[in-house]
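The next block holds one structure in the form of structure tokens; read it before the comments.
So that the names make sense, note that chain A is the first sequence line, chain B the second, and so on, each numbered from 1. All values below come from the heavy atoms of this structure, side chains included, with hydrogens, waters and symmetry mates left out.
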Amino acid sequence: MTLSFLTKNTRWLNLIAAVAMGLTLFLIFYFAPTERTMGQVQRLFYFHVGSAWVSAITFFVALICGLLYLWKPHPSWDKIALASVEIGVVFMTMTIVSGSVWGKPAWNTWWVWSPRLTSITIMWLVYVAYFMLRGALDDPEKKRRFSSVYLVAAFVTVIITFGSIRVLRDIHPVMFGGMLESAQGTEQGLQDFSGSGLDSRNMGITLTISTISFSLLYIAWLANRIRLQNMLDEAARIKTRVVSFLQEA
Amino acid sequence: MLFSQWLQQGIDPNITLDYLLLGYGVMWLCALVYVLMLANKQRNLRRDIALMRRLLELEDE
């Protein structure tokens, strides 16, 4: 299996991602209308949802790579999984931070231990612990195998986070695919726009473009991170030779 | 109904502008720190690999 397509085209991928993010910013600030109730802060929504969506994708990619590694062990699967989780944690951090900043004017608090916010914190911690697991294992083969098993188990937290607001009563709004109307808290007046979709067509277009742009950014970062991993592997190989040379000398 | 509409019309949308700037500022900071970390690691590795290759060339000589 080769990842050369990604690693050889990092410059192009970076450029495409940069242009897409620039376009997204333009749409957010000049195309999307100002939300009536929340005002300007609602514009955080496009980045908040975009980064949340992509972090779920990164963890899904990591899950698939983990399963593929367990099925047919090849270091490339582990490489993609590692890069994906690292990027996913960055996107998840962005999601949590933007949500907290949005929460202050919307809910009058930076943080509440609601099911969604609690489950997303657990999810973040579980994926951060993935790096601790890798750091604790020296044998490369064992590291890859254990990490793959861990990724399969860790994805449960993504499912719980996605489902929490759809099953449990929560202050966090459900934008897509709400199942239980009562669970969303609309009857209690906990949120303004749950279940009703986006206010305008322009908001929908901006959100779609934002999600695509974040996906492109993920691909660009993934290519860069895999290239870095290739360099790390190469450095480790050369280091072994240098050490043996210095010992002989 | 009319009262709530009147209330909503009266809200200044720019009242939450500070939070918007804070949110985007922190998010871009996260992204920037990660990109700089990647770039820094790549630069250091490139230098290390070049140095080690030079050492191995010395060995060959």
Side-chain angles (χ1 to χ4, degrees), chain A residues 10 14 21 25 28-29 33-48 50-51 86-87 89-106 192 217 220-221 224-225 227-232 234-235 237-246 248-249, chain B:
Chain A
T10 47
N14 289 343
M21 291 309 287
L25 280 175
I28 289 171
F29 289 101
T34 306
E35 209 272 335
R36 196 169 45 183
T37 314
M38 285 179 278
Q40 297 289 359
V41 77
Q42 189 269 341
R43 293 184 200 277
L44 277 175
F45 165 79
Y46 307 104
F47 262 46
H48 178 73
S51 57
E86 191 177 291
I87 296 163
V89 168
V90 175
F91 279 124
M92 190 44 63
T93 308
M94 288 166 74
T95 307
I96 293 171
V97 168
S98 60
S100 178
V101 173
W102 190 6
K104 181 60 181 164
D192 289 316
L217 186 65
W221 281 6
N224 281 285
R225 185 61 184 82
R227 194 170 71 165
L228 178 71
Q229 195 60 40
N230 288 342
M231 287 170 77
L232 278 165
E234 191 188 352
R237 269 196 307 273
I238 300 174
K239 196 177 174 182
T240 314
R241 287 174 60 197
V242 170
V243 167
S244 63
F245 161 64
L246 289 174
E248 282 170 19
Chain B
M1 180 69 182
L2 279 173
F3 181 69
S4 67
Q5 277 181 355
W6 174 79
L7 264 180
Q8 286 187 350
Q9 279 167 4
I11 295 170
D12 177 13
N14 290 324
I15 206 164
T16 55
L17 192 64
D18 292 348
Y19 292 104
L20 176 74
L21 296 175
L22 177 67
Y24 272 105
V26 176
M27 273 195 286
W28 280 106
L29 187 69
C30 287
L32 192 70
V33 166
Y34 182 65
V35 169
L36 287 178
M37 195 192 77
L38 279 184
N40 194 38
K41 266 188 181 176
Q42 275 194 15
R43 197 183 57 226
N44 290 343
L45 269 173
R46 208 169 284 141
R47 203 175 48 205
D48 289 353
I49 289 169
L51 181 71
M52 287 191 289
R53 280 207 174 122
R54 218 172 300 143
L55 272 170
L56 288 173
E57 279 169 13
L58 281 174
E59 182 199 17
D60 291 341
E61 286 171 11

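- Of all non-hydrogen atoms in B/L45 and A/A235, the two that sit nearest each other are CD2-CB, 3.7 Å.
- Looking at A/I28, the atoms closer than 4.5 Å to chain B (heavy atoms on both sides) all sit in the side chain, from C-beta outward.
- B/Q42 and A/M231 make their closest contact through O-CE, 3.4 Å (heavy atoms, listed as atom of the first residue, atom of the second, distance).
- B/L38 CG to A/R227 CZ: the interatomic distance, rounded to the nearest 0.5 Å, is 10.0 Å.
- Neither the backbone nor the side chain of B/V33 comes within contact range of chain A; no heavy atoms are under 4.5 Å apart.
- Remark: of the listed residues B/D48, B/I49, B/L55, B/I49 is the sole one forming a side chain to side chain contact (heavy atoms under 4.5 Å, CB included) with A/I238.
- Every residue two or more places apart in sequence or in another chain was checked for a side-chain contact (heavy atoms from CB on, under 4.5 Å) with B/D18, and none qualifies.
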Assess whether side chain to side chain contact (heavy atoms under 4.5 Å, CB included) is satisfied between A/L25 and B/W28, documenting all intermediate values. CA-CA 12 Å; A/L25 280 175; B/W28 280 106; 3.6 Å; yes

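- Atom CZ of A/F29 sits about 5.0 Å away from atom CG of B/L20, to the nearest 0.5 Å.
- Note: B/Y24 and A/Y46 fail the aromatic proximity criterion, with ring centroids not under 6.0 Å apart.
- Residues B/M37 and A/V90 form no side-chain contact, since every pair of their non-hydrogen atoms from C-beta on lies 4.5 Å or further apart.
- Remark: A/N230 pairs with A/K79 by the side-chain hydrogen bond (donor to acceptor under 3.5 Å, both in side chains) rule, at least two apart or across chains.
- Contact count versus chain B (heavy atoms, under 4.5 Å) is highest, among A/T95, A/L217, A/T93, A/N224, for A/N224.
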Yes or no on side chain to side chain contact (heavy atoms under 4.5 Å, CB included) for B/M27 and A/L44, after CA distance, side-chain angles and deciding distance? CA-CA 10 Å; B/M27 273 195 286; A/L44 277 175; 3.7 Å; yes

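- Here NZ of B/K41 is found 8.5 Å from CD of A/Q229. Values are rounded to the nearest 0.5 Å.
- Chain B forms more heavy-atom pairs under 4.5 Å with one residue of A/P105, A/S51, A/S100 than with any other, namely A/P105.
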For B/Y19 and A/Q40, what are the C-alpha separation, side-chain angles and deciding distance, and is it a side chain to side chain donor-acceptor pair (under 3.5 Å)? CA-CA 8 Å; B/Y19 292 104; A/Q40 297 289 359; over 6 Å; no

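- Looking at A/V242, the atoms closer than 4.5 Å to chain B (heavy atoms on both sides) sit in the backbone and in the side chain alike.
- For B/A39, no part lies near chain A; criterion is any non-hydrogen pair under 4.5 Å.
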